[in-house]
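Right, one structure below, let's go through it.
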Amino acid sequence: MATLPSSPASAPPLSPREPSLNPSALAGSTATPTLSEFSLRGVAEYLSKDLPYALSPDDVFLTVGCIQAIEVIISVLARPSANILLPRPGFFHYETCASSSNLEMRHFDLLPERGWEVDLMGVEKLADENTVAMVIVNPGNPCGNVYSYDHLKKVAEMAKKLGIMVISDEVYAHLVFGNTPFTPMGVFGSIAPVLTLGSISKRWIVPGWRLGWLVTTDPNGILTKHGVVESIKGFLSTSPDPATFIQILEKTPDDFFSRTIDVLKQTADICYEMIKDIPCITCPYKPEGSMFVMVKLNLSMLDGVKDDVDFCMKLSKEESVIVLPGVVVGMKNWLRITFTIEPSLLRDGLERIKAFYERHAKAP
């Protein structure tokens with residue numbers, strides 16, 4: 001039976017709108033204590049392997065997992081009248097942080113018929129002079145998609161046109177098992193400034209360690225010019241254990257990662273194929289990365305089920321199977337299914353969803 005492996009011991013600045021800061025957010029903050037040069041250099045060197053230029057330790061900020069990285073950058077960008085562009089569907093913590101920081105949210109669609117690509121025309125229509133950034137998640141949560149090099153370049157070009165930065169959530173970086181290789185958004189930092197968020201929790205399967213990073217890829221110096229870098233420093237005071245942190249980055253053998261990918265591919269294939277036998281849900285795009293897949297719920301085939309939340313509540317009560325209602329990630333009457341469990345348990349769970357459908361199916 002397959003199981004996940006155990007954890008191992010200078011161009012001119014952009015002329016249109018550029019991000020501005022919230023001075024009040026910095027009031028009363030304290031300077032960041034000096035972080036271990038060893039740790040910062042290790043993260044910079046690790047991430048630079050996939051970039052056309054080398055990052056320096058000054059580009060790296062260590063955080064308590066990716067969640068803190070999200071909280072910091074949203075707090076940095078929040079100011080009166082500012083807005084941020086978020087994907088729909090997307091990871092809900094961005095909305096939680098933006099709401100608590102009084103940062104207006106505007107949602108652009110991801111297009112399921114095009115492998116959940118960003119609706120770039122929609123992004124352009126949403127943006128105005130107060131837009132500070134757009135967020136992408138690659139590989140995708142909750143969709144399981146992986147963006148191509150060409151699409152990410154178009155995202156960067158749109159950000160340059162709008163004069164905004166790209167916040168790229170890459171917590172599932174390199175967890176890809178389809179035909180599209182992973183490309184970090186930082187590759188396009190010379191087109192538009194990029195803030196990359198990541199952590200060791202997913203690729204190394206050590207979520208309890210809560211070690212993450214927020215990294216600037218900005219060869220043109222736009223984020224420094226506008227005070228974004230200094231503002232980030234004002235919010236952070238993380239002191240990791242450098243020896244452990246760097247060892248896991250530098251000394252994890254390649255076969256650990258390959259075994260993880262093999263298991264994810266196996267369970268993604270199982271999930272995708274078994275969903276085909278459940279008439280009330282449809283998967284528009286086979287997952288190629290991360291740990292999730294989005295499926296569309298056809299309520300017209302079900303009797304006594306009102307919406308995605310009602311479906312999930314009844315499924316949990318009747319079959320002891322938990323899936324996430326799509327409304328949580330901005331897609332009403334969709335479902336997010338996680339496939340990172342033992343293959344036998346995954347098959348059992350999907351069989352139970354099928355049994356639930358058969359019990360609630362409308363009579364012909």
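All values below come from the heavy atoms of this structure, side chains included, with hydrogens, waters and symmetry mates left out. None of the values given here were measured: they were computed from a predicted structure.
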Test: salt bridge (charged side-chain N to carboxylate O under 4.0 Å, His left out). Region: residues 197-222. Which pairs qualify, not counting sequence neighbours? none
Heavy atoms only: give me the nearest Cys271-Val293 pair and the separation to one decimal. SG-CG1, 3.9 Å
With a 4.5 Å limit on heavy-atom distance, are the side chains of Pro343 and Gln266 in contact? yes
Please indicate whether Lys125 has more than 12 foreign heavy atoms, meaning atoms of other residues, nucleotides or ligands, lying under 6.0 Å from its NZ. no
Give every residue pair that meets the ring-ring contact (aromatic ring centres under 6.0 Å, His included) criterion with at least one member in residues 302-336, sequence neighbours excluded. Trp116-Trp334, Phe311-Phe356
Partner of Arg259 under side-chain contact (heavy atoms from CB on, under 4.5 Å), picked from Asp255, Val263, Ile261, is Asp255
Show me the donor-acceptor pairs, under 3.5 Å and distance only, between side chains in residues 137-146 and residues at least two apart or in other chains.
| from | atom 1 | to | atom 2 | distance (Å) |
| --- | --- | --- | --- | --- |
| Asn138 | OD1 | Tyr147 | N | 2.9 |
| Asn141 | OD1 | Arg336 | NH1 | 3.1 |

Within 6.0 angstrom of Met121 CE, more than 12 heavy atoms from elsewhere: no
Is it true that a side-chain atom of His151 and a backbone atom of Val118 form a donor plus acceptor pair closer than 3.5 Å? yes
Can you sort out the partners of His107 under ring-ring contact (aromatic ring centres under 6.0 Å, His included), two or more places apart, ordered by chain and number? none
Would you please indicate yes or no on a ring centroid separation below 6.0 angstrom for Trp204 and Phe256? no
Within the structure provided, determine whether Phe235 and Ser75 are in side-chain contact (heavy-atom separation under 4.5 Å). yes
Identify, with sequence neighbours excluded, every residue that meets ring-ring contact (aromatic ring centres under 6.0 Å, His included) alongside Tyr357. none
Looking at Ser316 and Cys312, would you say the former's side chain and the latter's main chain have a donor-acceptor pair under 3.5 Å? no
Tell me the closest heavy-atom pair linking Phe177 and Ala268, and the distance in Å. CE1-CB, 3.5 Å
Identify the two heavy atoms, one from Gly304 and one from Asp310, that lie closest to each other, and give their separation to 0.1 Å. O-OD2, 3.5 Å
Does the side chain to side chain contact (heavy atoms under 4.5 Å, CB included) test come out yes or no for Thr196 and Ile167, once each step is laid out? CA-CA 6 Å; Thr196 300; Ile167 299 171; over 6 Å; no
Please check if the side chain of Thr252 supplies one atom and the backbone of Ile248 the other of a donor-acceptor pair under 3.5 Å. yes
Check: Glu104 and Arg106 side chains under 4.5 Å, non-hydrogen atoms: yes
Under a 4.5 Å side-chain heavy-atom rule over Ile, Leu, Val, Met, Phe, Trp and Tyr, are Leu350 and Ile341 clustered together? yes
N/O donor-acceptor pair under 3.5 Å between Ser101 side chain and Leu103 backbone: no
Find out whether Val171 and Leu197 are in side-chain contact, i.e. whether some heavy atom of one side chain is under 4.5 Å from a heavy atom of the other. no
Taking atom types as modelled and ignoring hydrogens, do the side chains of Glu170 and Ser168 form a donor-acceptor contact shorter than 3.5 angstrom? yes
Answer whether the closest heavy-atom distance between the side chains of Tyr94 and Ile70 falls below 4.5 Å. yes
State which residues pass ring-ring contact (aromatic ring centres under 6.0 Å, His included) with Tyr149; sequence neighbours excluded, sorted by chain then number. Phe188
What pairs of donor and acceptor atoms, side-chain ones from residues 82-90 against any protein atom, are under 3.5 angstrom apart with sequence neighbours left out?
| from | atom 1 | to | atom 2 | distance (Å) |
| --- | --- | --- | --- | --- |
| Asn83 | OD1 | Thr131 | OG1 | 2.8 |
| Asn83 | ND2 | Asp128 | OD1 | 3.0 |
| Arg88 | NE | Asp109 | OD1 | 3.0 |
| Arg88 | NH2 | Asp109 | OD1 | 2.9 |

Mark yes or no for whether Ser56, through its side chain, and Asp58, through its backbone, hold a donor-acceptor pair below 3.5 Å. yes
Test item: Ser48 side-chain N/O and Leu55 main-chain N/O as donor-acceptor pair under 3.5 Å: yes
The complete set of salt bridge (charged side-chain N to carboxylate O under 4.0 Å, His left out) pairs with one or both residues in residues 44-53, sequence neighbours excluded, reads none
When you look at Phe91 and Phe292, which way does the ring pair (Phe, Tyr, Trp, His ring centres under 6.0 Å) test go after all the steps? CA-CA 12 Å; Phe91 182 49; Phe292 315 99; 8.9 Å; no
Is Ile73 close to Leu214 at the side-chain level, that is, under 4.5 Å between some pair of heavy atoms? yes
Output yes when Arg352 and Asp348 qualify as a salt bridge under the 4.0 Å nitrogen-oxygen rule, no when they do not. yes
Sequence-distant partners of Glu71, side-chain contact (heavy atoms from CB on, under 4.5 Å), two or more places apart: Ile67, Gln68, His93, Cys97
Hydrophobic cluster identity match, Ile270 and Tyr272, side-chain contacts under 4.5 Å: no
Trp209 with Phe257, same ILVMFWY side-chain cluster at under 4.5 Å: yes
Would Ile191 and Glu157 count as a side chain to side chain contact (heavy atoms under 4.5 Å, CB included) here? Give the steps. CA-CA 6 Å; Ile191 298 176; Glu157 289 168 344; 4.2 Å; yes
Heavy-atom count around Lys314 NZ within 6.0 Å, excluding the residue itself: above 12? yes
Sub-3.5 Å donor-acceptor pair from the side chain of Asp308 to the main-chain atoms of Gly326, do we have one? yes
Side chain to side chain donor-acceptor pair (under 3.5 Å) evaluation trace for Thr340 with Thr338: CA-CA 6 Å; Thr340 48; Thr338 304; 5.5 Å; no
Among residues two or more places apart or on two chains, list those pairs meeting side chain to side chain donor-acceptor pair (under 3.5 Å) that have a residue in residues 273-298. Thr180-Glu288, Asp269-Lys286, Glu273-Lys276, Tyr285-Glu288, Asn298-Ser300
Within the distance-only criterion (no hydrogens, no angle test), does the side chain of Thr267 pair as donor or acceptor with the backbone N or O of Leu264 below 3.5 angstrom? yes
If every non-hydrogen atom of Gly189 is compared with every non-hydrogen atom of Pro219, which pair is closest and at what distance? O-CD, 3.3 Å
Considering non-hydrogen atoms only, spot the tightest contact between Asn130 and Arg79 and give its length. O-NH2, 4.1 Å
Under a side-chain separation threshold of 4.5 Å, the hydrophobic residues clustered together with Ile322 are none
Any Met291 side-chain heavy atom under 4.5 Å of Leu175 side chain: yes
Can you tell if the side chain of Leu110 reaches within under 4.5 Å of the side chain of Phe108, non-hydrogen atoms only? yes
Are Val187 and Phe182 linked, directly or through other ILVMFWY residues, by side chains that come within less than 4.5 angstrom of each other? no
Which is it for Leu47 and Asp59 under the side chain to side chain contact (heavy atoms under 4.5 Å, CB included) test, yes or no, and what are the steps along the way? CA-CA 11 Å; Leu47 296 177; Asp59 298 319; over 6 Å; no
Got a sec, which residues hit side-chain contact (heavy atoms from CB on, under 4.5 Å) with Val309, two or more places apart in sequence or on another chain? Asp307, Met313, Pro325, Val327
Derivation and outcome, side chain to side chain contact (heavy atoms under 4.5 Å, CB included), residues Met185 and Val155: CA-CA 9 Å; Met185 190 69 210; Val155 169; 4.1 Å; yes
Is there a path of hydrophobic side-chain contacts, each under 4.5 Å between heavy atoms of I/L/V/M/F/W/Y residues, joining Leu126 to Ile164? yes
